[in-house]
Amino acid sequence: MIFLPTQSLILAGVLFAIGLATVLVKRNLFFVLMGVELMLNASNLAFVSFARVHGNLDGQVIAFFVMVVAAAEVVIGLAIIMTIFRTRRSASVDEANLLKY
Amino acid sequence: MIEQVYFAIFAVVALCCALGVLVSRHPIQGAMSLIGVMVALSGIYSLMASPFLATLQILVYAGAIMMLVVFVIMVLNSAKDSSTPRFDLHACVGVVPALVVGAVICRLVWAWHALDRNRVQEALAKEPAARGTVEAISKVLFGGRETSGWAILFLAVGLLLLTAIVGAVLLAKRRLDKPPATPAPSHGGHA
């Protein structure tokens, strides 16, 4: 008895919702970045589940590309966080209001 | 049957660690919980016949990316608000759209499940899905004309990584033409 792809898709949806809640609730820039990472992981899980359903490897190749893009996104995001921290001495999203007015 | 048990274990670990990211107060705790999520997802990938992605999940996500995040958190640890209150009533409004999105996704998956449940079950029972080994995935990536344009996408992703490296260096380096903001400490010991 193998597990159905529905179960892993439900798991991916719940992980995506938790990541979205992390992005929306947390005030710390690091937590916002980690919430985005969580959402990317959930979408990867959905891609692999659908690759298993369809019996080919295209979904896994897309998941591979998502990993690479996530790596680039983390590098740029951390550099931006360091720049904001250097000017504001804070890692809070409320402090990053230079473009607000 | 044993796959069901393993999947249940990994899913529970992933969900608990994801909730740990949501409720933790310091970014280091959140990063550790996120590493737990990634390791559990790697186990689920290996259950779903994709050992290459399971290895990459450990190497790239849990290894490289989270190591970078943890390093930067440690470097910037002196932030005055690095430890945030756990329940901020003003921000808890953000849970509502997350709940709505999660409910919509689960409803869609359930509708899809009811729609072609029989087809999926017989497809899974008939033959094991293509195993995502390194050889199989590289054949899909670089296999030639019949596998459409993955190779072009591969080159574009290489360009993206190069751009990200240059951008990160430009963003994170100090200005070279200005003196550093904080004077270097003198070695004399007067002060």
Pairwise distance [atom1]([X]) to [atom2]([Y]) - rounded to 0.5 angstrom:
X       : Y        : atom1 : atom2 : answer
B:Gln29 : A:Phe31  : CD    : CZ    : 7.0 Å
B:Met66 : A:Met34  : CE    : CE    : 6.0 Å
A:Arg86 : B:Leu76  : CZ    : CG    : 9.0 Å
A:Leu9  : B:Leu108 : CG    : CG    : 11.0 Å
A:Leu11 : B:Phe10  : CG    : CZ    : 12.0 Å

Are [X] and [Y] in one and the same hydrophobic cluster, where Ile, Leu, Val, Met, Phe, Trp and Tyr link if side-chain heavy atoms are under 4.5 Å apart?
X        : Y        : answer
B:Phe7   : B:Val13  : no
B:Val140 : B:Val134 : yes
B:Trp110 : A:Phe50  : no
B:Val96  : B:Val101 : no
A:Phe30  : B:Val75  : yes

Given side chains that start at C-beta, do those of [X] and [Y] come closer than 4.5 Å, heavy atoms only?
X        : Y       : result
B:Phe71  : A:Leu78 : no
B:Leu53  : A:Phe47 : no
B:Leu160 : A:Val68 : no

Worksheet item: What's the verdict on side chain to side chain contact (heavy atoms under 4.5 Å, CB included) for A:Ile18 and B:Leu15, showing C-alpha distance, side-chain angles and the deciding distance?
Response: CA-CA 9 Å; A:Ile18 294 176; B:Leu15 283 181; 4.3 Å; yes
Is it the side chain or the backbone of [X] that comes within 4.5 Å of chain A heavy atoms, both, or neither?
X       : answer
B:Leu34 : side chain
B:Ala64 : neither
B:Val95 : both
B:Leu99 : neither

If you look at every heavy atom in [X] and [Y], which pair is closest and at what distance?
X        : Y        : result
A:Leu20  : B:Pro97  : CD2-O, 4.3 Å
B:Val21  : A:Lys26  : O-CE, 3.9 Å
B:Ile137 : A:Leu57  : N-CD1, 4.1 Å
A:Thr83  : B:Leu171 : OG1-O, 3.2 Å
A:Phe65  : B:Trp150 : CE1-CE3, 3.7 Å
A:Leu38  : B:Ala18  : CD2-CB, 4.0 Å

Closest-packed option against chain B by number of heavy-atom pairs under 4.5 Å, given [options]:
options                            : value
A:Glu37, A:Met82, A:Gln60          : A:Gln60
A:Leu15, A:Val23, A:Asn41, A:Val14 : A:Asn41
A:Leu29, A:Ile62, A:Asn44          : A:Asn44
A:Val69, A:Ile81, A:Val74, A:Val48 : A:Val48

Fill in: Residue part contacting chain B, namely of A:Ala46, when any heavy atom lies under 4.5 Å
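For A:Ala46, no heavy atom lies under 4.5 Å from chain B.
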Worksheet item: Which region of A:Val61, side chain (C-beta onward) or backbone (N, CA, C, O), has a non-hydrogen atom less than 4.5 Å from a non-hydrogen atom of chain B, or is it both or neither?
Response: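 For A:Val61, side-chain heavy atoms alone lie under 4.5 Å from chain B.
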Go through [options] and name the one with the most non-hydrogen pairs under 4.5 angstrom from chain A.
options                              : value
B:Val104, B:Leu153, B:Val93, B:Val60 : B:Leu153
B:Leu41, B:Ile44, B:Ile165           : B:Leu41
B:Gly30, B:Gly102, B:Ala8            : B:Gly30
B:Ala98, B:Cys106, B:Ala103          : B:Ala98
B:Trp112, B:Phe154, B:Tyr45          : B:Tyr45

Discussion item. Side chain to side chain contact (heavy atoms under 4.5 Å, CB included), that's the test. Do B:Ile65 and A:Met67 meet it? Break it down for me.
Written reply: CA-CA 10 Å; B:Ile65 294 182; A:Met67 276 187 195; over 6 Å; no
Item to complete: Please work out whether the ring planes of A:Phe64 and B:Phe52 are parallel, tilted or perpendicular, with thresholds of 30° and 60°.
Response: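 Geometry flag for B:Phe52 against A:Phe64: tilted rings.
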